[in-house]
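The structure displayed is predicted, hence computed values, not measured ones. Below, read A as the first sequence line, B as the second, and so on, with proteins coming before strands; counting in each chain starts at 1.
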Protein chains: 2
Amino acid sequence: MDWNAVVAANVKRLRIERGLTQEQLAHEAEIDLTYLGGIERGRRNPSVEVLGRIAAALGCHASSLLHDG
Amino acid sequence: MDWNAVVAANVKRLRIERGLTQEQLAHEAEIDLTYLGGIERGRRNPSVEVLGRIAAALGCHASSLLHDG
DNA sequence: ATGTGACTTATAGTCCGTC
DNA sequence: AGACGGACTATAAGTCACA
């Protein structure tokens, strides 16, 4: 199971559902725009803390970002 | 929200429910024994990939490790 | 608005030990 | 069986210029 790909898909899906750009979400989550882009492409292996910040910015629970489809 | 503390509590609870030692779980998850100990004490900030390996070793979904109580 | 490579610094993660 | 520390090495965190 490639968990980074799961996180990537969930972050991208939820971000678009909320009508946010990568730039806006990155700003909310207080992470760099290019770093968020890397996460959405599954090229990064973020820590639990970063996952939590992104979840908070998306207004969802951190565990939601690990749900596979 | 301190997600590392949430992970710590969940890993410890599930490991004990399954009657495993830290040593056994660390071996199953292919992570270092002392590192797993640090995670269970909330002193570490593991990556999503490590979270997935621990979840697999515990026989649960990775998102379970982020459920708060 | 996003993808990418290269980069530096911080810390994840391992291995040795002691208590 | 588990907490904790020191000294490492690998990689995450965070940033940039440019496509």
- Message: Do A/V7 and A/I54 have side chains that approach each other closer than 4.5 Å (heavy atoms only, starting at C-beta)?
- Response: no
- Message: Using a strict threshold of under 4.0 Å (side-chain N to carboxylate O), is an ion pair present between B/R53 and B/E28?
- Response: no
- Task: Find the distance A/D32:CG to D/dC18:P and express it as a whole number of Å.
- Result: 16 Å
- Axis bend over the full length of the helix from C/dT2-D/dA19 to C/dC19-D/dG2, computed from five pairs that close each end, to 10 degrees: 40°
- Query: Out of curiosity, B/E30 CD to B/L25 CG, how far, rounded to the nearest 0.5 Å?
  - Reply: 12.0 Å
- Item | DNA chain C contacts made by residues 2-13 of chain B, counting heavy atoms under 4.0 Å | none
- With heavy atoms under 4.0 Å as the rule, sort A/L33 into base, sugar-phosphate or nothing. base
- Query: Does a side-chain heavy-atom distance below 4.5 Å link B/W3 with A/E49?
  - Reply: no
- Are B/I39 and B/V50 side-chain neighbours, meaning at least one heavy-atom pair lies under 4.5 Å? yes
- Query: Would you call B/M1 and B/V6 a side-chain contact if the rule is heavy atoms closer than 4.5 Å?
  - Reply: yes
- To the nearest Å, how far apart are B/I16 CD1 and D/dG2 C1'? 11 Å
- Task: Scan residues 40-58 of chain B against DNA chain C and write down, sorted by residue number, each residue with any heavy atom closer than 4.0 Å; if none is found, say none.
- Result: B/R44, B/N45, B/P46, B/S47, B/V50
- Task: Can you tell me, in whole Å, how much space there is between the P of D/dC18 and that of C/dA1?
- Result: 22 Å
- Closest heavy-atom pair and its distance - B/G42, B/A8: N-CB, 3.6 Å
- Task: Send over the distance from B/Y35 OH to D/dT9 P, rounded to a whole Å.
- Result: 18 Å
- Task: Would you grab the first and last nucleotide of DNA chain C (5' to 3') that comes under 4.0 Å of any non-hydrogen atom in chain B?
- Result: C/dA12 to C/dC16
Could you go through residues 58-69 of chain B and list every donor-acceptor pair under 3.5 Å that involves a side-chain atom there, pairing it with any protein atom two or more places apart or in another chain?
from  : atom 1 : to    : atom 2 : distance (Å)
B/H61 : ND1    : B/S63 : N      : 3.2
B/H61 : ND1    : B/S63 : OG     : 3.0
B/H61 : NE2    : A/D68 : OD2    : 3.3
B/S64 : OG     : B/H61 : O      : 3.1
B/D68 : OD2    : A/H61 : NE2    : 3.4

- Taking C-beta and beyond as the side chain, do A/V48 and B/V48 meet within less than 4.5 Å on heavy atoms? no
- Message: Given A/K12, which partner from the list A/L14, A/N10, A/I16 fulfils the side-chain contact (heavy atoms from CB on, under 4.5 Å) test?
- Response: A/I16
- Query: Does any N or O in the side chain of B/R43 come within less than 3.5 Å of the main-chain N or O of B/G38, such that one atom is a donor and the other an acceptor?
  - Reply: no
- Message: So, taking the atom named CZ in A/R18 and the one named CZ in A/R13, what distance separates them when rounded to the nearest 0.5 Å?
- Response: 8.5 Å
- Message: Tell me which residues in residues 20-30 of chain A lie within less than 4.0 Å of DNA chain C, going by non-hydrogen atoms.
- Response: A/T21, A/Q22, A/E23
- Message: Using a 3.5 Å distance criterion without hydrogens, assess whether the side chain of B/N45 forms a donor-acceptor pair with backbone atoms of A/S47.
- Response: no
- Check whether any side-chain N or O of B/Q24 sits under 3.5 Å from a backbone N or O of B/T21 as a donor-acceptor pair, and report yes or no. yes
- Query: side-chain contact (heavy atoms from CB on, under 4.5 Å) with A/Q22: which of A/T34, A/L33, A/V11?
  - Reply: A/L33
